[in-house]
Participant: 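Structure incoming, see below.
Order of the sequence lines sets the chain letters (A, B, ...), proteins ahead of strands, with each chain counted from 1.
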Amino acid sequence: MINIFDEVAPSWYNLRHRSIFRWELEELAQRWQTGNLLNIGCAHGPDFLPFVSSRLGGIDLTGVDFSAQMLRFARKYSMKFGFVANLVLADVRHLPFADGVFDRAISVATYHHIPREIERLAALEELRRVLKPGGEAFITVWNRWQPRFWRQGREVTVPWRTKVKTLERYYYLFSYPELVRLARQAGLKVLRSYPENTYHFPLKFFSRNICLLVRKSD
Amino acid sequence: MAILACPICKGVLDLTVEEENGQEVITGSLYCRKCSELYPIGDTIPNLLPPSMRA
């Protein structure tokens, strides 16, 4: 699995150069103007940008990813856009941070790559552990009930084609109730569950992505 | 970074610097005494993957 993301990294850097959650993250950047932020599964770092452009007091940025190649591109990306982020090679199920050190966290399209429920729960428990009491986090994953996956099961592999080969990435597909339940099981309070901003159908349950805003209680 | 901890026991890590450029450690290591585990820092990026996941 690590090797796949190392191999995806160069084409990912080019084709996903800007965050596809820019609107959602900018909204959060307005809400979170101080403190520090952990980006869980940061890849090459595009989701840091909304927190850079809107910085007033300055928010301290840290990113973890388990692909060394993705982190090399993250450093290149931060230099290109003129921001500083502490980058750490780490596994999201075993975060290498002391308890209660982050005011905020984001995890964009990361947790749906973890194959077993016990490990998905472990990852959310780690997120809770490293947040300060009262700290908030934004989580987004793919939604199982988007029309694209109606005829498929809970687990899918999705190809990423590079110039030289096709890489099959594993996805576990969450539903809204399931992600909410897992976050609660990890001890997080769910403040809001909502679809991506570009989704306009009144019923949220068929959106492409599930967005969650959570808080660690005081 | 003072917030870093061992990915396994979450304990304190001892930093050894081999090469730095003033503000940033370029190469070196982080050592967990409790786990007797050495985590390398290469090219400014600490490798704090659990030892079983190291390439």
Participant: If I compare all heavy atoms of B:K10 with all of A:F97, which pair ends up nearest, and what's the gap?
Facilitator: CD-O, 4.4 Å
Participant: Any side-chain to backbone donor/acceptor pair from A:R75 onto B:D43? Under 3.5 Å, distance only.
Facilitator: yes
Participant: Using every non-hydrogen atom in the two residues, find where A:L87 and B:P46 come nearest and quote the distance to one decimal.
Facilitator: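 Looking at all heavy atoms of both residues, the closest pair is O-CD, 3.3 Å.
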Participant: Does B:R33 CZ have over 12 foreign heavy atoms under 6.0 Å away?
Facilitator: no
Participant: Nearest 0.5 Å, what's the CD1-CG distance between B:I41 and A:L89?
Facilitator: 12.0 Å
Participant: For A:R208, look at atom CZ and say whether over 12 heavy atoms of other residues, nucleotides or ligands are found less than 6.0 Å away.
Facilitator: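 For A:R208, atom CZ is not crowded (no more than 12 foreign heavy atoms under 6.0 Å).
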Participant: Heavy atoms only: give me the nearest A:D91-B:P50 pair and the separation to one decimal.
Facilitator: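 Where A:D91 meets B:P50 most closely, the heavy atoms are CB-CD, 3.8 Å.
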Participant: Which heavy atom of B:A5 sits nearest a heavy atom of A:A98, and at what distance?
Facilitator: CB-N, 3.5 Å
Participant: Can you measure from CD1 (B:I3) to OG1 (A:T62) and round to the nearest 0.5 angstrom?
Facilitator: 4.5 Å
Participant: Tell me, for A:L95 versus chain B, whether the close heavy atoms (under 4.5 Å) come from the side chain, the backbone, both or neither.
Facilitator: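 Interface part for A:L95: backbone (N, CA, C, O).
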